[in-house]
Number of protein chains: 2
Amino acid sequence: MEKAPGEPVRDTVRAYGAAALGGRLRRLSDRTDREAKALYEERGVAFEQRWFPVFNCLRSGEPMSVTDLADRLQVSHVSISVIRSALEKEGLVGSRADERDGRRRVLALTDKGMALARQLAPLFDALDKAAIELNAEAGDAIAAIDRLEDALERKPLSRRVEDHQG
Amino acid sequence: MEKAPGEPVRDTVRAYGAAALGGRLRRLSDRTDREAKALYEERGVAFEQRWFPVFNCLRSGEPMSVTDLADRLQVSHVSISVIRSALEKEGLVGSRADERDGRRRVLALTDKGMALARQLAPLFDALDKAAIELNAEAGDAIAAIDRLEDALERKPLSRRVEDHQG
DNA sequence: ACCATTTATGTAATCAGTTACGGATATGTC
DNA sequence: GACATATCCGTAACTGATTACATAAATGGT
């Protein structure tokens, strides 16, 4: 091993500071997703991390439509649509047209889905605790990200750049 | 407009807390990337935000190999390889085999690349300032993300989960 | 010099999200 | 009731990253 595992590297990346933030966020996200995925694999459960937000919303028992979920989770409806197919294919979720509005497709956990929810509850719980622990160790990174989102909403990057340079 | 643009939504997402962190980071990253992209388009410059880290490394004048860049920027060498092709296709970067090690391909800005670097310098500068401003407004979110990376390196998510639940 | 192993790079396949667009249903106005 | 418009959802194409695999060059022990 000729150089430290990543130290000089990391510092260099950090020196780019804010400019490279986007990429760093992406990589961090990929990393946590991958790690979570491995946890399901270890347990031999046919469940994918990217299903979690939808699955978790439905766990409450309240049926929701595709767009409801998209709005709540801040993703495109297409994304939800794809996750829905996957969850239905696994038999974890069922859907039917809304009686009052035929355009809406209402999703709910199947019996199998509810059983899996119960089975995975301890894991979800552990995941949640681990994430909370992680966040605490990082000095409430979530709050910082909240503030970042707020700041961007208040004034988008483009306008900030314009203000700093015609 | 039947409900506030995103308020109840945001709070709900936040309530998921750490568990949904991965997705939120991804979305935030996508957003900043898109906004930055628009800035180049506005100026009619054929430049993409994802080239920036590589381009910026080479701006110093020091030639670097694909793997050098990958190590420094913490991305896969494949990613660098693809960016290299794009930058060469645009004529901004040139490459040649290392004289001492034929496996290595050494990259450097072309004259056109250096000209663009000079032309975009004010924009890069403004971007940097905007990002610094943003970061300050968010109470140093970058530091929080650094701490998150550190914490994950210290003890990966998987082990944390195991510790919270057999 | 020779062969095994490691390193640097590239190509192909995959993945999880997006935008673009189209079809079906609701809604509001005449 | 009919037509214009808006909303819900889905399919297709694109994006930007990754892993898996392949190739070429260097290195080291014999």
Side-chain angles (χ1 to χ4, degrees), chain A residues 1-3 20 22-38 41 48-54 63-89 93 95-107, chain B residues 1-3 20 22-38 41 48-54 63-89 93 95-107:
Chain A
M1 209 172 290
E2 215 177 321
K3 64 184 170 188
R24 291 185 55 203
L25 289 170
R26 176 191 303 279
R27 264 163 265 140
L28 191 52
S29 153
D30 288 348
R31 175 176 186 173
T32 56
D33 279 3
R34 258 193 318 259
E35 290 205 41
K37 180 178 178 180
E41 278 171 5
E48 303 194 12
Q49 181 59 13
R50 77 176 197 290
W51 301 345
F52 174 76
V54 169
M64 300 181 72
S65 77
V66 172
T67 299
D68 287 345
L69 288 161
D71 284 349
R72 171 169 292 187
L73 298 173
Q74 306 266 70
V75 232
S76 68
H77 76 269
V78 181
S79 197
I80 304 291
S81 182
V82 170
I83 292 171
R84 177 195 62 76
S85 324
L87 283 168
E88 286 204 20
K89 198 168 175 183
V93 159
S95 66
R96 54 177 173 69
D98 187 328
E99 291 161 1
R100 301 187 181 173
D101 184 339
R103 295 167 305 177
R104 295 163 55 87
R105 186 192 280 244
V106 182
L107 315 189
Chain B
M1 208 172 290
E2 214 177 322
K3 63 183 169 187
R24 291 186 55 203
L25 290 170
R26 177 193 300 281
R27 265 164 262 138
L28 192 52
S29 153
D30 286 349
R31 174 178 187 171
T32 56
D33 278 4
R34 259 194 314 267
E35 291 207 40
K37 182 178 178 180
E41 277 171 5
E48 302 194 12
Q49 182 59 13
R50 78 176 196 289
W51 300 346
F52 175 77
V54 170
M64 301 181 71
S65 78
V66 172
T67 299
D68 287 344
L69 288 161
D71 284 350
R72 171 168 292 187
L73 299 173
Q74 303 268 69
V75 219
S76 68
H77 76 269
V78 181
S79 202
I80 303 291
S81 181
V82 170
I83 292 172
R84 178 193 63 76
S85 327
L87 283 168
E88 286 204 21
K89 198 168 174 182
V93 159
S95 66
R96 52 176 175 69
D98 187 327
E99 292 161 2
R100 301 189 183 174
D101 185 340
R103 294 168 305 177
R104 296 163 55 87
R105 186 190 280 244
V106 181
L107 314 189

Q.
Using the salt bridge (charged side-chain N to carboxylate O under 4.0 Å, His left out) criterion, which residues pair with A/Arg104? Sequence neighbours excluded.
A. A/Asp68, A/Asp98

(Q) By nearest atom, which of the nucleotides D/dG16, C/dA16, D/dA25 is closest to the A/Glu48 side chain? (A) C/dA16

Q: Return the value, rounded to whole Å, for the distance between atom CG of B/Leu87 and atom P of D/dG16.
A: 13 Å

Q. Does OP1 or OP2 of C/dG17 have a side-chain N or O of A/Arg50 closer than 4.0 Å?
A. yes

Q: Have a look at A/Ser85 and say if it touches a base, only the backbone sugar-phosphate, or nothing, with a 4.0 Å heavy-atom cut-off.
A: nothing

**Q.** d(CE, A/Met64; P, D/dC9) in whole Å
**A.** 11 Å

Q. Looking at A/Arg84, does any N or O in its side chain come under 4.0 Å of the phosphate oxygens OP1/OP2 on D/dG10?
A. yes

Q) Atom CG of A/Asp68 to atom C1' of D/dC8: distance rounded to whole Å? A) 10 Å

Q) Expressed in angstrom and rounded to an integer, what is the separation of A/Asp71 atom CG from D/dT7 atom C1'? A) 12 Å

Q.
Regarding C/dT9, can its base be found pairing with the side chain of B/Arg103 as donor and acceptor, where the two atoms are less than 3.5 Å apart?
A. no

Q: Please report, rounded to the nearest Å, how far the C1' atom of D/dC8 is from the CD1 atom of A/Ile80.
A: 13 Å

(Q) Rounded to whole Å, how long is the line connecting atom CZ of B/Phe52 with atom P of D/dG16? (A) 17 Å

Q) Rounded to whole angstroms, how far apart are CD on A/Gln74 and P on C/dT18? A) 11 Å

(Q) Please tell me if A/Ser81 has a side-chain N or O lying less than 4.0 Å from either OP1 or OP2 of D/dT11. (A) no

Q) Taking for each residue the nucleotide of DNA chain C with the nearest heavy atom, is it B/Val82 or A/Ile83 whose nucleotide lies nearer the 5' end? A) B/Val82

(Q) What's the closest nucleotide to the side chain of B/Arg104 if the choices are C/dA8, D/dT19, D/dA26? (A) C/dA8

Q.
Measuring only between side-chain heavy atoms, which start at C-beta, is B/Ser65 closer than 4.5 Å to B/Arg105?
A. no

**Q.** A/Arg105 side chain, from C-beta outward: closest of D/dG10, D/dT19, C/dT9
**A.** D/dG10

(Q) Would you say the base of D/dC8 stacks on A/His77 (centre-to-centre below 5.5 Å, plane angle below 30°)? (A) no

Q | Heavy-atom check, side chain of B/Val66 versus side chain of B/His77, under 4.5 Å | A | yes

Q) Is any side-chain nitrogen or oxygen of B/Ser76 closer than 4.0 Å to OP1 or OP2 of D/dT19? A) no

**Q.** Between C1' of D/dA25 and CG of B/Asp98, the distance in whole Å
**A.** 11 Å

Q.
Using a heavy-atom cut-off of 4.0 Å across all strands, would you classify B/Val75 as base, sugar-phosphate, or nothing?
A. sugar-phosphate

Q | N or O in side chain of A/Thr67 less than 4.0 angstrom from D/dC9 OP1/OP2 | A | yes

Q: Determine: side-chain N/O of A/Ser79 to OP1/OP2 of C/dA16, distance under 4.0 Å, yes or no.
A: no

